Every structure is written in structure tokens, then in C-alpha cells.
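Heavy atoms only: backbone and side chains are in, while hydrogens, waters and symmetry mates are out. Bear in mind that the values here come from a model prediction, so they are computed numbers and not experimental data.
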Amino acid sequence: MTGFGAAIYGCAGLRLTKDETALFRQARPFGFILFARNLDTPAQIRALCAEMRAAVGWDAPIFIDQEGGRVQRLRPPLARDWRPPLEDATQLGRDAARAFWLRGRIMAEELRGLGIDGNCIPTLDIARPETHRFLHNRCYGADVATVVAHGRAAAEGLMQGGVLPVMKHIPGHGLGTLDSHLELPRVAAPLDALDGMDFAPFRALNTLPMAMSAHIVFEAIDHRPATQSPVMIELIRDSIGFGGLLMTDDISMQALSGTVPERARAALDAGCDVVLHCNGDLAEMQAVAEAAGAMSPAAQTRAETALAARQAPAPVDIEALQQEFEALIARALNDRA
């Protein structure tokens with residue numbers, strides 16, 4: 001297989017421009033990501049996905065952030081509205097793990113019907129009282145066992161529906177008290193506390209095919225953000241044991257310093273496999289493509305392994321699964337009444 005460019009890109013609008021098509025043809029990014037600005041009708045979304053794949057000449061993965069709650073790019077009538085994950089995690093009790101599998105499997109059906117085959121879930125950060133509100137209700141629980149159970153269920157539901165999950169934000173963002181879209185969070189917790197709590201869900205699910213890095217500093221380990229820290233990437237690989245494809249969180253986020261291409265190069269030099277650039281700015285994408293270049297041989301191997309996990313979905317009665325999910329929600333509401 002011809003080597004992939006070490007990037008995942010968005011685009012500006014509902015269809016590719018000639019300049020975007022030319023860039024993608026030349027840079028051959030590993031994949032693409034969609035946002036609300038790219039989503040209008042089912043036919044338009046499918047056409048955009050087809051244009052993206054045609055530009056690179058192969059069946060590139062196309063990702064989205066379809067978490068539920070505030071972070072949900074597809075809304076009715078394109079897809080159902082999902083509650084924030086932490087609401088289902090806390091309110092569904094004994095049924096929560098099954099509900100998260102159903103969420104994943106139903107989401108997969110919705111996404112694949114539009115040409116999308118990657119979803120940036122599960123969010124394996126541990127929710128705490130101090131977790132910044134940008135992240136808190138996106139989490140899957142407030143303790144390791146709960147997050148692992150729910151995260152595994154959601155990931156399995158997606159994969160059984162033919163969609164690649166991307167666990168985030170490795171190695172853990174739950175202690176962050178700042179919004180990394182705007183500024184750089186710093187965590188002072190000691191390594192043993194981090195290892196037993198924040199890092200643990202990722203270790204438990206370290207065989208998943210893909211993960212997204214955290215733009216956060218763990219002061220007890222390194223002064224650099226995890227995304228750009230060789231020390232943290234080594235910890236992710238060796239101590240956490242994640243051997244899959246490691247993508248950055250969006251390198252346009254202001255937690256990172258320097259120019260966007262400098263941020264991209266620093267992340268790849270630290271050991272990330274692929275950089276994520278989301279805002280669709282053509283000049284930035286051109287600069288990132290030049291800075292990032294092609295994947296390293298090791299990253300290429302991990303990318304091919306991740307893609308091999310993207311299987312055709314097994315047949316399933318989606319209507320029956322939707323009815324089961326609604327019944328679980330109704331039972332939880334009745335129990336609380």
C-alpha cells in the first residue's frame with residue numbers, strides 16, 4: 001500500500017473545492033474529519049465523503065465527533081439526538097453497559113449510512129468535580145471500572161457496526177481544570193496517582209485500534225503537553241501498552257504554542273503517528289502537509305493494522321435495538337420517579 005500522509009484534515013464547506021482536492025491528491029492524508037459546517041443533507045454528506053475518498057484514491061476513513069450531548073455533529077433529522085454520555089452512565093444503573101453498546105451500534109448504523117466510518121469515542125477521561133465543564137459530561141463515569149465497562153461497550157458496538165472507535169484523550173484529561181481549546185491545562189498529581197486512576201482506563205482498553213492524545217501537561221512527568229512529549233508518548237506505548245494508531249487532538253487548539261505546522265512537527269517528532277487538523281483552513285492545511293510529510297514506517301504499519309479492524313457490519317435489526325434502548329431509558333426514568 002502506498003504510504004499515507006501523516007495527517008487527518010477537515011474541509012471548509014459542503015463540497016470540496018478544486019484547491020482542496022488538489023491538496024488532498026498530493027498530500028494523501030490518512031483520513032478526514034467532518035464538522036457541522038460540512039453537513040446538510042444525506043445525499044450531500046455521502047457525495048462529500050465520496051469526493052474525499054476519490055481525491056486520495058482509496059477508501060480513506062472519515063471521522064466525526066458523535067459523542068452525544070454538546071459534542072454531536074449530526075443532529076436530527078440526520079441522526080437521533082443522544083444524551084450526554086455521563087447522564088446515561090449515572091442514570092441507567094445496571095443497564096448502562098448495555099445502553100452504551102446500543103449507543104455505539106445504533107450510531108454506527110447512522111454514520112455508515114452517510115459514508116462515515118470513524119467516530120472519536122469513547123471518552124475515557126475520569127469525571128471529577130473539578131473536571132472542566134467543557135469535558136465533564138462527555139465522560140463515561142467517575143471511576144475506573146465504570147469508565148472501562150462503558151467505554152468497552154461503546155467501542156464494541158461501533159466496531160460491530162463497521163465504524164472505527166478512537167478512544168480519547170490518552171493518557172487522561174479528567175484532572176484538567178482548563179479548556180484545552182483555549183489554554184494549556186497543567187496537572188500536578190504524582191505519577192502513582194495518575195497511573196492508578198487516569199491512565200488505567202486506557203491500559204484496560206489498550207487493544208483498541210486508535211487513540212487521540214491529550215493536550216495537557218503532567219508536571220510530575222514532563223513539562224511538555226502530552227501530545228508533544230516524547231516522554232509521555234513512551235509512557236503511552238510502554239506503560240499503558242497502547243500499540244495502535246496514535247492521532248493528536250486538533251493541533252489548531254490554543255493549548256499548543258507555535259505555528260500550526262510547528263505544532264504538527266513537534267507532535268510527530270514526539271512519537272504521534274498522525275496529526276489532526278480540523279478547521280478546514282486551506283493555507284494551514286498546506287503548511288501542515290509540508291511539515292508533516294509521510295507517515296513513518298512504524299506509523300504506516302499501525303495505520304494499516306487499524307484499517308484492518310474496519311470490518312463490514314454484521315446484519316442486525318436496528319429498529320429492535322432502538323426500541324431496546326428506548327425501553328432502558330424509560331425504565332431508568334420510571335425508577336427515578
Side-chain angles (χ1 to χ4, degrees), residues 1-9 24 27-34 46 49-50 52-66 100-101 104-124 148 151-170 201-213 233 236-238 240-249 267-268 271-276 292-316:
M1 183 178 289
T2 303
F4 303 130
I8 295 169
Y9 295 121
F24 298 154
R28 287 185 52 82
F30 170 72
F32 301 94
I33 189 166
L34 301 181
R46 286 191 287 267
C49 291
M52 288 173 158
R53 291 178 171 121
V56 295
W58 67 287
D59 188 20
I62 297 177
F63 299 92
I64 199 165
D65 292 295
Q66 190 74 351
F100 274 97
W101 184 89
R105 185 61 185 85
I106 296 166
M107 282 181 179
E109 197 77 4
E110 293 175 327
L111 297 179
R112 282 188 63 96
L114 297 171
I116 301 164
D117 56 9
N119 193 5
C120 298
I121 68 168
T123 303
L124 300 184
V148 169
R152 177 179 286 117
E156 288 176 351
L158 282 179
M159 294 182 73
Q160 289 174 30
V163 171
L164 284 175
V166 182
M167 60 178 178
K168 60 188 184 188
H169 305 84
I170 198 169
F202 297 96
R203 183 177 293 115
L205 297 179
N206 62 14
T207 60
L208 288 181
M210 295 185 66
M212 177 187 291
S213 69
I233 303 304
I236 288 168
R237 294 301 191 192
D238 295 342
I240 291 176
F242 176 65
L245 189 72
L246 180 60
M247 63 189 278
T248 71
D249 204 344
L268 294 170
C272 290
D273 294 318
V274 60
V275 295
L276 175 65
M295 282 186 174
S296 69
Q300 179 75 23
T301 297
R302 287 190 284 264
E304 292 173 5
T305 300
L307 292 176
R310 184 181 56 171
Q311 301 294 325
V316 71

Novice: Among residues at least two apart in sequence or on other chains, which ones pass salt bridge (charged side-chain N to carboxylate O under 4.0 Å, His left out) with Glu110?
Specialist: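 Listed in chain order: nothing, the list is empty.
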Novice: What pairs with Arg203 under salt bridge (charged side-chain N to carboxylate O under 4.0 Å, His left out), at least two apart in sequence or on another chain?
Specialist: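 With neighbours one apart ignored, the set is Asp195.
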Novice: Considering residues at least two apart in sequence or located in another chain, which fulfil the side chain to side chain donor-acceptor pair (under 3.5 Å) criterion with Asp249?
Specialist: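 Expected list: none.
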Novice: Tell me whether the rings of Phe24 and Tyr9 are parallel (<30°), tilted (30 to 60°) or perpendicular (>60°).
Specialist: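 Parallel: the ring planes of Phe24 and Tyr9 meet at under 30°.
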Novice: Go through the steps for Met167 and Phe242 under the test side-chain contact (heavy atoms from CB on, under 4.5 Å), then give the verdict.
Specialist: CA-CA 11 Å; Met167 60 178 178; Phe242 176 65; 3.6 Å; yes
Novice: Strictly distance-based, threshold 3.5 Å: is any side-chain N or O of Gln300 a donor or acceptor partner for the main-chain N or O of Phe4?
Specialist: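 Yes.
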Novice: Can you sort out the partners of Arg152 under salt bridge (charged side-chain N to carboxylate O under 4.0 Å, His left out), two or more places apart, ordered by chain and number?
Specialist: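 Scan of Arg152 (salt bridge (charged side-chain N to carboxylate O under 4.0 Å, His left out), adjacent residues dropped) gives none.
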Novice: Got a second to check how far Leu164's CG is from Ile116's CD1, nearest 0.5 Å?
Specialist: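 Here the rounded value is 13.0 Å.
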Novice: How long is the span from the SG atom in Cys120 to the CD atom in Gln66, to the nearest 0.5 Å?
Specialist: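 It is 11.0 Å, given to the nearest 0.5 Å.
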Novice: Testing the basics here: between Ala299 and Asp273, what is the closest heavy-atom pair and its distance to 0.1 Å?
Specialist: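 So the minimum-distance heavy-atom pair works out to CB-OD1, 3.3 Å.
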Novice: By side chain to side chain donor-acceptor pair (under 3.5 Å), which residues pair with Asn206, not counting sequence neighbours?
Specialist: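 Applying side chain to side chain donor-acceptor pair (under 3.5 Å) to Asn206 gives none.
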Novice: Measure the CG-OG1 distance between Leu245 and Thr301 for me, rounded to the nearest 0.5 Å.
Specialist: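 That separation rounds to 11.0 Å.
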Novice: Taking all non-hydrogen atoms of both residues, which atom of Val166 and which atom of Ala211 are closest, and how far apart?
Specialist: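 Taking Val166 first and Ala211 second, the nearest heavy atoms are CG1-C, 3.8 Å.
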Novice: Rounded to the nearest 0.5 Å, how far does CG of Leu158 lie from CH2 of Trp101?
Specialist: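 Those atoms lie 10.5 Å apart.
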Novice: Provide the closest heavy-atom pair for Met159 versus Ala309 in the form atom of the first, atom of the second, distance.
Specialist: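 Reported closest heavy-atom pair: CE-CB, 3.9 Å.
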Novice: Roughly how far, to the nearest 0.5 Å, is the CZ atom of Phe100 from the CD atom of Glu156?
Specialist: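 Going from the CD atom of Glu156 to the CZ atom of Phe100 covers 14.0 Å.
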Novice: Testing Ile170, Thr248, Leu276 for side chain to side chain contact (heavy atoms under 4.5 Å, CB included) with Met212, which one passes?
Specialist: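 Per the side chain to side chain contact (heavy atoms under 4.5 Å, CB included) rule, the option paired with Met212 is Leu276, out of Ile170, Thr248, Leu276.
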Novice: Checking Arg310 now: which residues fulfil salt bridge (charged side-chain N to carboxylate O under 4.0 Å, His left out) with it, not counting sequence neighbours?
Specialist: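 With neighbours one apart ignored, the set is Asp59, Asp117.
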